[in-house]
Amino acid sequence: MTCSSTGFRALPLPIIQLSLAAVLKCGQSFRWTAYPLKLDPEDASSPTHEYRFCLRDRVVCLRQTATNILYRTVQPDPQPNANQQELRDAQTLLWLKDYFQLDVDLALLYEEWGSRDKVFLSIQDRFSGIRMLRQDPWENLISFICSSNNNISRITKMVQSLSKEYSPPLLSLPTPDGSGVKDTYHPFPPPSALAHPDVSARLRSLGFGYRAEFIHRTAKMLVETHGDSIQPQDSDEPSEQWLRTLRDISTEDARAELLKFVGVGRKVADCVLLMSLDKTDVVPVDTHVHQIAIKHYGMKGSTKGKMNMTPKLYEELCTKFVQVWGKYAGWAHSVLFTSDLKSFALHGIPQPNSPLSSPVKNRKKRSREMTDLVRILPTPPSTPSVSESATATEIACNLSPAERVKKRIRK
DNA sequence: ATTCAACCTGGT
DNA sequence: CCAGGTTGAA
C-alpha cells in the first residue's frame with residue numbers, strides 16, 4: 001500500500017522495536033538529516049519528523065508513526081513510471097531491513113538485559129527502541145576517526161562537510177516543511193576520493209584538525225592495498241568490499257585489521273566492529289562509558305579528575321559489560337550511552353515540570369553532552385524533585401540526593 | 001610494558 | 001577544562 005499523495009509506503013513496525021528519533025541521532029550515524037513536520041492536530045500519532053539519508057544512488061526518506069515506518073525513495077532521474085518506482089521501493093525496503101537489522105527482536109533483548117541488570121531495567125521504558133544500525137564499514141570507519149577527542153555536534157559537521165566536498169551532489173529535494181527551500185544531498189565519498197594527494201591539506205583548512213592526516217592516510221592505505229576503482233562506475237570500490245568481508249572473520253582478527261589504520265585505536269576499532277561488522281558483543285569503552293561503569297557497576301576508579309584508559313583497564317571494562325549484558329552487550333551499551341546524551345534530550349518531549357525551576361545555577365558541571373533527562377521525560381514516581389540534576393543512570397542506582405551530589409564533586 | 005604530553009577546534 | 005582518543009616518545 002502506498003499513499004499516492006505523498007509517495008510513502010508503510011512498513012508495519014511497533015515503535016518499541018525502533019525509535020528513529022533516538023537511533024538516528026544518538027551518535028551512531030552522523031549523516032541523517034532530521035526535518036520537523038507540521039503536526040496534524042487530528043492525528044495524535046502523526047509523525048513529528050522526516051529523516052533523510054543519501055545512499056550512493058538514492059535518497060531514502062523516513063517517517064514514523066506508533067505502528068509504522070513510512071518510507072519513500074527518491075532517485076535523480078525524472079518521472080519514473082509506476083513499475084520503476086515499485087522496484088526502487090522494493091530495493092529500499094530490503095535496504096531498510098538490513099540497515100535497521102529488523103530480523104533482530106529488540107523487545108526480546110530488552111527483556112533479557114532488564115532481567116540481568118537492574119540499572120538497565122530502570123531506564124528501559126524511557127529509552128525504548130534503541131537498536132544498533134548496520135552501517136557501511138567504510139563510512140563508519142572514517143566517521144569514527146573523526147570522533148577522537150571530539151563531540152557529536154562537530155563530528156556531524158565534519159562528516160557532512162566530507163560528503164559535500166568529496167562527492168558530487170546526487171539530487172536536490174524540497175524540505176518537507178513546505179517552505180519551498182531545497183536541500184542538496186551528497187553520498188558519502190568513496191575511498192579513492194579521499195586518497196587524492198591534496199586531501200589532507202584541504203581537510204585541515206576545513207577544520208578537521210589533526211584528524212585530516214588520519215583520514216587521508218587511511219584512505220590511501222586502503223586504495224593502495226586493494227585498488228581504487230573497478231569498471232562499473234556505479235558499484236563499490238574494492239577496498240569497501242574488502243572492509244565488508246571483515247564481517248566474516250573473528251572479532252579479534254577483524255580488530256587487528258582495523259588497528260593497522262592511522263587514527264584507529266582500540267575504541268574506534270570497536271565502534272566499527274560493533275556498528276558495521278556484526279560484532280554484537282563488542283563494547284566500545286570511552287571516558288563516558290568508563291564513568292558509567294564506575295558509578296553504577298562497581299568498577300574501580302574515581303569519578304574525579306581524568307583517568308588514563310590503559311589497555312588493561314579497557315579489557316576489564318569490556319569483560320564486565322559482557323558479563324552483565326551477554327552476547328548483545330554492545331547493543332545494550334548503546335541504550336545506556338544514549339540515555340546520558342544531552343543532545344538527545346531536546347527532542348520535543350514535553351516538559352512535565354515548570355521551566356522556572358531556578359536552583360540549578362551552581363550545579364557542578366558534568367563532562368560531556370550529558371543532561372538531566374528526567375526533567376523532561378516522564379518521571380518515575382519513585383524519584384521526585386531531586387531528579388533535576390540527575391542523569392537517567394543516576395536515578396537508576398537509587399542514590400540519595402546527598403550521595404549524588406557527593407559523587408559528582410570533581411577535582 | 002606503562003605512562004604521558006601533544007594534538008586541531010569549538011564550546012562552557 | 002572538556003569533547004564517544006590516538007600517537008610517539010620517554
Side-chain angles (χ1 to χ4, degrees), chain A residues 22-23 25-30 130 132-133 135 140-162 200-218 221 255 258-276 282-294 303-318 321 330-346 360-371 391 393 408-411:
Chain A
V23 170
K25 287 292 176 182
C26 70
Q28 291 188 48
S29 172
F30 302 94
I130 298 175
M132 196 53 56
L133 300 174
Q135 300 186 65
N140 197 227
L141 176 64
I142 297 302
S143 298
F144 277 88
I145 287 177
C146 292
S147 79
S148 81
N149 206 302
N150 208 347
N151 57 64
I152 291 181
S153 153
R154 184 153 80 114
I155 300 165
T156 303
K157 285 175 192 159
M158 290 164 71
V159 173
Q160 304 285 1
S161 162
L162 262 184
S200 170
R202 176 91 181 106
L203 289 181
R204 275 268 175 189
S205 71
L206 287 172
F208 280 66
Y210 59 81
R211 303 164 198 83
E213 284 75 25
F214 293 163
I215 293 168
H216 174 239
R217 289 173 59 194
T218 293
M221 283 173 67
R255 180 184 288 129
L258 293 172
L259 288 173
K260 291 177 183 171
F261 298 109
V262 258
V264 179
R266 177 66 191 265
K267 193 271 174 177
V268 169
D270 281 359
C271 283
V272 177
L273 289 172
L274 172 66
M275 300 181 185
S276 45
V282 170
V283 177
V285 176
D286 52 46
T287 56
H288 191 176
V289 171
H290 185 196
Q291 291 303 317
I292 291 179
I294 293 170
T303 55
K304 316 172 196 169
K306 191 169 186 170
M307 175 177 282
N308 295 335
M309 178 54 61
T310 66
K312 183 165 169 290
L313 176 54
Y314 192 108
E315 288 295 346
E316 286 175 13
L317 292 168
C318 287
F321 283 123
W331 287 46
H333 137 277
S334 184
V335 179
L336 263 286
F337 181 84
T338 304
S339 77
D340 275 345
L341 265 186
K342 176 180 191 176
S343 51
F344 177 75
L346 316 172
V360 210
K361 49 189 160 203
N362 280 343
R363 181 164 95 209
K364 279 293 169 200
K365 94 170 157 202
R366 261 171 292 153
S367 54
R368 305 180 208 80
E369 312 180 23
M370 295 199 282
T371 192
T391 64
T393 45
R408 229 174 267 132
I409 311 274
R410 319 175 117 233
K411 276 265 143 75

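It should be emphasised that the depicted structure is a prediction, and the values quoted were computed from it without experimental measurement. We name chains A, B, ... by the order of the sequence lines, and we start the count at 1 in each one.
In the set B/dC8, C/dA3, C/dT6, C/dT6 carries the atom at the smallest distance from any side-chain atom of A/V268. For A/R204, the listed nucleotide lying nearest its side chain is B/dC8; candidates were C/dT6, C/dA3, B/dC8. Candidate nucleotides C/dG4, B/dG10, B/dC7 were compared by shortest atom distance to the side chain of A/R154, and B/dG10 ranks first. In this structure, of C/dT7, C/dG5, C/dG4, it is C/dT7 that holds the atom nearest to the side chain of A/F214.
Contact annotation for A/P284: base contact, defined as any heavy-atom pair under 4.0 Å involving a base atom.
Counting all heavy atoms, side chain and backbone alike, A/C318 lies closest to A/V283 at SG-O, 3.6 Å.
Nucleotides B/dC8 and C/dA9, compared at atom P, are 15 Å apart to the nearest Å. Comparing B/dA5 with C/dC1, their P atoms sit 12 Å apart, to the nearest whole Å. Between B/dC4 and C/dG4, the distance separating the two P atoms is 24 Å to the nearest Å.
Taking 4.0 angstrom as the limit, A/R211 places none of its side-chain polar atoms (N or O) nearer than this to OP1 or OP2 of B/dC7. Note on A/T310: every side-chain N or O is 4.0 Å or more away from OP1 and OP2 of B/dT3. OP1 or OP2 of B/dC4 sits under 4.0 Å from a side-chain N or O of A/N308.
For the side chain to side chain contact (heavy atoms under 4.5 Å, CB included) with A/Q28, the lone residue among A/S276, A/S334, A/S143 that qualifies is A/S334. Here the rule is side chain to side chain contact (heavy atoms under 4.5 Å, CB included) with A/M275, and of A/L141, A/N140, A/L133 only A/N140 fits it.
With hydrogens and angles left out, the side chain of A/Y314 and the base of C/dG5 share no donor-acceptor pair within 3.5 Å.
In terms of position along DNA chain B, the nucleotide closest to A/N149 lies nearer the 5' end than the nucleotide closest to the other residue of the pair A/N149 and A/K157.
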Could you check A/D270 against A/Y314 for side-chain hydrogen bond (donor to acceptor under 3.5 Å, both in side chains), going step by step and ending with a plain yes or no? CA-CA 11 Å; A/D270 281 359; A/Y314 192 108; 2.7 Å; yes
